[in-house]
Amino acid sequence: MSAPPPPTPKHLIRSHAAQVNVLHISNDNQRIYSGDAAGTVVVTSTRTLRALATWTAHADGLLGVQEWEGRVITHGRDNKLHVWEGMREPVRSLGSSAALPGLQTPALCYSLDVNALNYCRFSLMPLTEESGRTEERQALLAVPNLVESAYADIWTLPGRQRLHAAIGKQGQDVPVLDGRGVRNAVGIIMSMHLSSVPHPNVPERTRLRLLCGYENGSVTMWGYTRDDKEVSIEGMGWESLWTVRLHVESVMAMAVSPDGSFALSVSADHLVGRYNIHELESVADAKEACTVYKTGRPGNGSIAIRDDGRICAIGGWDGRIRLYSTKTFKSLGTLSYHKKNCQCLAFARSQPRPLLTTPSSPDGGVEGDDEDEMTEGEKSERTRWLVSGGQDSRVAIWSLMNFGKA
C-alpha cells in the first residue's frame, strides 16, 4: 500500500509583495490578519477568503498584529505601536451585486512610541473588572524599554500610562557591557509574555508576571512583588523568580499555553525548550522543571501552540512546519510549502469566542450575518486551520486532521 500524498495548503493568500512577518486569527475565527516587511497589513475573511482591508500601517516591517475588543493593534519596526478601528465583512443585501466592495482602510485611534530595536513584538493582557479594569485601563501592554532593549516596560491601554519601567534592571547586576552600552550578561529581549497570578495573601488581588526570552538563550520569569505601589521605575519591585538557559543560541520565538501552565521556546539551534511554569517557582533547581527536546533540525524561527494546549507547530528556516504533541513531543507530521523561512504561525480557535459587541452596518443590519451561510461542517473544519507566513510573501492555510488526544 502506497503512502498517502503529502498534505498541501487548502488555500494560498497572495496579498503581500514582501515577506510575511506576523499572523493573527480573530477569536471568532472569521478574520486572518497578516503583516509584512514593508509595513502592509491585510485582513482576510475566512468565509470568502477575500481581503476585507489592506493598508500601509507602518513605515517599516511589522513585528506584531492582534485584534482586541473590536480594534486592531499593530506594532512596527518604525518604533510605533498603533491602535486602529476594527472592520467587519460588509453585509450583502438580497439582490445586491456580487462585485467586490472597495477594500476598507481603518481609522487610526491612537499611537504609542516604542523601541523596536529588538524585533520583539508586544504582549497584550486584557483586563477584567476583577483585575482592575477602568475606562483608561482596559488592558496592559508589555514592550521593550524605550531606552535599553534589555529591559521591559508595561503601559496601560487606552490611557497610555507607563506603569512599570525598566523591568529587569534591578535583577541584572553583572557588570558586563554587551556592546550597546547596556550592563547585562543576557543581551536584549527577544520575546515576552505578560500575565498575572492570584495574590498569595489577598484573594481579590493579582500579581503581574513577565516571561522574557533573551539573546543569550536564557528565559527569565519576572514578578512584581510590591503591594504598596502599583507604579514602578528603574525595575524596582520586580524580582527574578527563576532563570534557566536551555539554548546555546538566541531565543528566536516563544509561546505560552493558553492556561499559562507551560511555555515553549525555539532558537537557531536544534533544541526546543519546555518550561513547566507552575512548577518552576517551587523547585530548587529550575532545570528540574524544564525539558529539552532535540528535533534534529537546526534553525527554527517561529512557534505556535493550539488553544487546547495539546499541539504545537514550529516553523523552520528551511520553510517547513513541523507539528508535535506538547505532552510527549512526538512528531505529528511535517507541512511543506514555503521555499524559504517560515516566519510566523497561527492556529484557529478550536472553541471560537464571539465578539463582545457586534457592530451594526450602515443600513441597520448586523454585520457578520453571512457567517450563517457556512455549514456546520465548514465551521468545524475551520477550527482545525493552521496559517503560516513565509519569506516567499505567501500566506498558506492548512486544514489539519483531528489528532484526537495527541
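- Side chains of T74 and W84: a donor-acceptor N/O pair is present below 3.5 angstrom, by distance only.
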Apply side chain to side chain contact (heavy atoms under 4.5 Å, CB included) to I303 and L345, showing your working. CA-CA 6 Å; I303 187 168; L345 296 161; 5.7 Å; no

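- Taking 4.5 Å as the limit, every side-chain heavy atom of R121 sits out of range of all side-chain heavy atoms of L62.
- Side-chain N/O atoms of H82 and S111 include a donor and acceptor closer than 3.5 Å.
- Judged by the 6.0 Å and 45° rule, R77 forms a cation-pi pair with Y119.
- Judged purely by distance below 3.5 Å, without hydrogens or angles, the side chains of N216 and H247 never pair a donor atom with an acceptor atom.
- Counted within 6.0 Å of CZ on R384, heavy atoms from surrounding residues, nucleotides or ligands total more than 12; the atom is thus considered enclosed.
- Rounded to the nearest 0.5 Å, atoms CD (Q30) and CZ (R382) are 5.5 Å apart.
- Atom CZ of R245 has more than 12 neighbouring heavy atoms from other residues, nucleotides or ligands inside a 6.0 Å radius.
- Every side chain to side chain donor-acceptor pair (under 3.5 Å) that D228 has, sequence neighbours left out, goes to R226.
- Counted by atom type alone, S380 and T383 present zero donor-acceptor pairs between their side chains at under 3.5 Å.
- The side-chain contact (heavy atoms from CB on, under 4.5 Å) with P7 is formed by just one residue from the set L400, L335, T334; it is L335.
- Here OG of S302 is found 11.0 Å from CG of N21. Values are rounded to the nearest 0.5 Å.
- The existence of a salt bridge linking K10 and E378 is excluded, since no basic side-chain nitrogen approaches an acidic carboxylate oxygen closer than 4.0 Å.
- Y33 and Q66 share no side-chain donor-acceptor pair at under 3.5 Å.
- No side-chain donor-acceptor contact under 3.5 Å links T40 and H16.
- Looking at heavy atoms from C-beta onward, W68 lies in side-chain contact with L157 at the 4.5 angstrom threshold.
- In the model, W398 has a side-chain atom that pairs as donor or acceptor with a side-chain atom of S388 under 3.5 Å.
- Residues W317 and N341 have side chains in contact (heavy-atom distance under 4.5 Å, counting atoms from C-beta outward).
- Salt-bridge formation is not detected for the pair R349/D28: no Lys NZ or Arg NE/NH1/NH2 atom is positioned less than 4.0 Å from an Asp or Glu carboxylate oxygen.
- Ion pairing between a basic and an acidic side chain is recognised when a charged N comes within 4.0 Å of a carboxylate O; R162 and D153 show such pairing.
- The side-chain tip of R394 does not point at the ring of Y337 from less than 6.0 angstrom away and within 45° of straight on.
- Using a cutoff of 4.0 Å between basic side-chain nitrogens and carboxylate oxygens, E281 and R209 are scored as salt-bridged.
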Yes or no on side-chain hydrogen bond (donor to acceptor under 3.5 Å, both in side chains) for E381 and S399, after CA distance, side-chain angles and deciding distance? CA-CA 7 Å; E381 182 198 7; S399 183; 3.0 Å; yes

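- A 6.0 Å sphere centred on CD of E204 holds more than 12 heavy atoms belonging to other residues, nucleotides or ligands.
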